K.L.:
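The structure follows.
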Amino acid sequence: MTFDAITPDRVPALLRAMPKAELHIHIEGSLEPELIFRLAQRNGIALPYPSVAALRAAYAFTDLQSFLDVYYAGASVLVCEDDFFDMGMAYFARAAADRVVHAELFFDPQTHTGRGVAFATVIGGLSRACAQATAAYGIDASLIMCFLRHLSEAAAFATLEQALPYRDNFIGVGLDSGERGNPPEKFARVFARCGELGLHRVAHAGEEGPPAYIEAALDVLHAERIDHGVRCTEDPALVARLARDRVPLTVCPLSNVKLCVYPDLAHHPLARLLDAGIRATVNSDDPAYFGGYVSQNFVDAFAALPLTARDAYTLARNGFEASFATDDRKRGWVGQLDAVFA
Ligand code: ADE
Ligand code: ZN
């Protein structure tokens with residue numbers, strides 16, 4: 001690869017054109033206000049906002065919890081299998097435009113089963129959307145089921161039980177929702193059981209929670225990737241460990257600014273993480289709420305930080321290598337990536 005020949009003015013176009021893996025996208029976080037209103041109307045649900053504009057105006061978050069309150073309210077319009085399918089396809093249309101070729105989608109079943117929506121409805125619609133993503137866009141897509149960490153261990157076990165008849169419809173489990181006060185240890189036994197079942201394990205850690213939560217996600221939950229993980233920068237020994245062990249971090253720059261983890265992108269540690277040798281990837285988290293899909297995350301982060309064409313290649317390649325796809329598939333996508341930078 002001859003990165004030095006790529007002038008900085010060419011980088012934004014390359015960021016948009018390069019094939020990508022998206023490893024940190026909450027599918028419920030891709031619900032655009034227009035679709036929320038359409039589904040609310042279709043299902044006869046009254047929203048506490050008079051218009052799309054009023055809903056969008058509520059997207060002024062001060063921290064993770066202030067976002068989660070709006071995010072869970074938005075998800076309440078999802079009732080039928082077609083709602084989940086339509087949400088998935090709306091995301092895949094955006095992902096295809098961003099040259100996403102592989103996506104591992106988080107979904108939050110408890111957000112829906114807690115309102116009386118059957119697990120089968122949720123996974124049925126999302127599984128159909130993943131299959132259609134391949135047929136319509138050539139996107140390879142799979143599902144990761146997240147446990148809500150503000151709920152109990154017993155609730156997580158009950159969700160796992162509901163999911164087992166659909167074991168082949170998802171590739172792994174994750175841990176999301178309010179991090180503060182909900183340490184990884186709370187879910188040690190659930191994650192151990194998931195490991196026995198052969199499921200991949202990932203966990204949000206070090207978004208708002210302290211570096212110790214990242215260590216616990218690795219040591220107690222045996223997470224293979226850390227979602228966010230940006231607060232590792234507060235612990236140099238942890239940074240060294242993550243770099244040494246090549247632990248992937250699924251970083252979401254626009255999310256971190258929207259949720260006030262950093263005051264702006266210029267203060268974001270993405271470039272420092274790469275410099276430290278950490279296997280960072282770039283992702284969108286909840287793109288409908290945070291101001292952009294994955295390409296926008298790349299373009300905005302590169303505009304604000306000292307990142308180069310070589311870093312663009314590294315980040316995209318990290319995404320493929322950190323994915324749970326087969327080595328064969330990974331090699332194919334890295335080949336496509338090489339061709340863009342050749
Ligand atoms: N659920 C959806 N987005 C999330 C985030 N950024 N952190 C934790 N839980 C989430
Ligand atoms: Zn997330």
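None of the values given here were measured: they were computed from a predicted structure. Atoms within a ligand are numbered from 1 in the order they appear, just like the ligands themselves.
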K.L.:
For the rings on H204 and F106, is their centre-to-centre separation under 6.0 Å?
P.N.:
yes
K.L.:
Under a 4.0 angstrom heavy-atom cut-off, which atoms of ligand 1 come close to L68?
P.N.:
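Answer for ligand 1: 1 (N), 10 (C).
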K.L.:
For the atoms NE2 of H204 and NE2 of H24, give the angle they form at the Zn ion (ligand 2), rounded to 10 degrees.
P.N.:
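An angle of 90° at the metal.
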K.L.:
Apply salt bridge (charged side-chain N to carboxylate O under 4.0 Å, His left out) to D328 and R331, showing your working.
P.N.:
CA-CA 5 Å; D328 238 28; R331 263 192 297 277; 3.0 Å; yes
K.L.:
Report yes if some N/O of H24 lies less than 3.5 Å from some N/O of ligand 1; otherwise report no.
P.N.:
no
K.L.:
Of all the heavy atoms in F106, does at least one lie under 4.0 Å from an atom in ligand 1?
P.N.:
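No, that is not the case, since the closest heavy atom of the residue is not under 4.0 Å from the ligand.
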K.L.:
Can you report which non-hydrogen protein atom sits closest to atom 6 (N) of ligand 1, along with the distance?
P.N.:
D285 OD2, 2.7 Å
K.L.:
Looking at D286, which atoms of ligand 1 are within less than 4.0 Å of one of its heavy atoms?
P.N.:
2 (C), 3 (N), 4 (C), 6 (N)
K.L.:
Taking atom CZ of R128 as the centre, report whether more than 12 heavy atoms of other residues, nucleotides or ligands fall under 6.0 Å from it.
P.N.:
yes
K.L.:
Could you state the interatomic distance from CG (L23) to OG (S284), rounded to the nearest 0.5 Å?
P.N.:
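Interatomic distance, L23 CG to S284 OG, rounded to 0.5 Å: 10.5 Å.
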K.L.:
Give the atom numbers and elements of ligand 1 that come within less than 4.0 Å of a heavy atom of H228.
P.N.:
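Result: 6 (N).
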K.L.:
Please determine if the Zn ion (ligand 2) has an N/O/S atom from D285 lying under 2.8 Å away.
P.N.:
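Yes, since at least one N, O or S atom of D285 sits under 2.8 Å from the Zn ion (ligand 2).
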K.L.:
Hey, is R42 close enough to D83 for a salt bridge, meaning N to O under 4.0 Å?
P.N.:
yes
K.L.:
Is the distance from the ring center of F37 to that of Y49 below 6.0 Å?
P.N.:
no
K.L.:
Using a 4.0 Å cutoff against the non-hydrogen atoms of F67, which atoms of ligand 1 qualify?
P.N.:
2 (C), 3 (N)
K.L.:
Is R246 salt-bridged to E321, cutoff N-O under 4.0 Å?
P.N.:
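Not counted as a salt bridge, because no side-chain N and carboxylate O are separated by less than 4.0 Å.
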K.L.:
What atoms of ligand 1 come within less than 4.0 Å of a heavy atom belonging to E207?
P.N.:
5 (C), 6 (N), 7 (N), 8 (C)
K.L.:
Nearest to atom 8 (C) of ligand 1 by heavy atom, S177, C146, S255: which?
P.N.:
S177
K.L.:
Would you please indicate yes or no on a ring centroid separation below 6.0 angstrom for Y313 and F341?
P.N.:
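When the ring centroids of F341 and Y313 are compared, they turn out to be within the sub-6.0 Å range.
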K.L.:
Please state which part of E28 comes within less than 4.0 Å of ligand 1, counting heavy atoms only: side chain, backbone, both or neither.
P.N.:
neither
K.L.:
Looking at R56 and E34, is any side-chain nitrogen of the basic one under 4.0 Å from a carboxylate oxygen of the acidic one?
P.N.:
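Yes, this pair counts.
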K.L.:
Compute the minimum heavy-atom distance from D227 to ligand 1 and say whether it is under 4.0 Å.
P.N.:
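Per 4.0 Å heavy-atom rule, D227 does not contact ligand 1.
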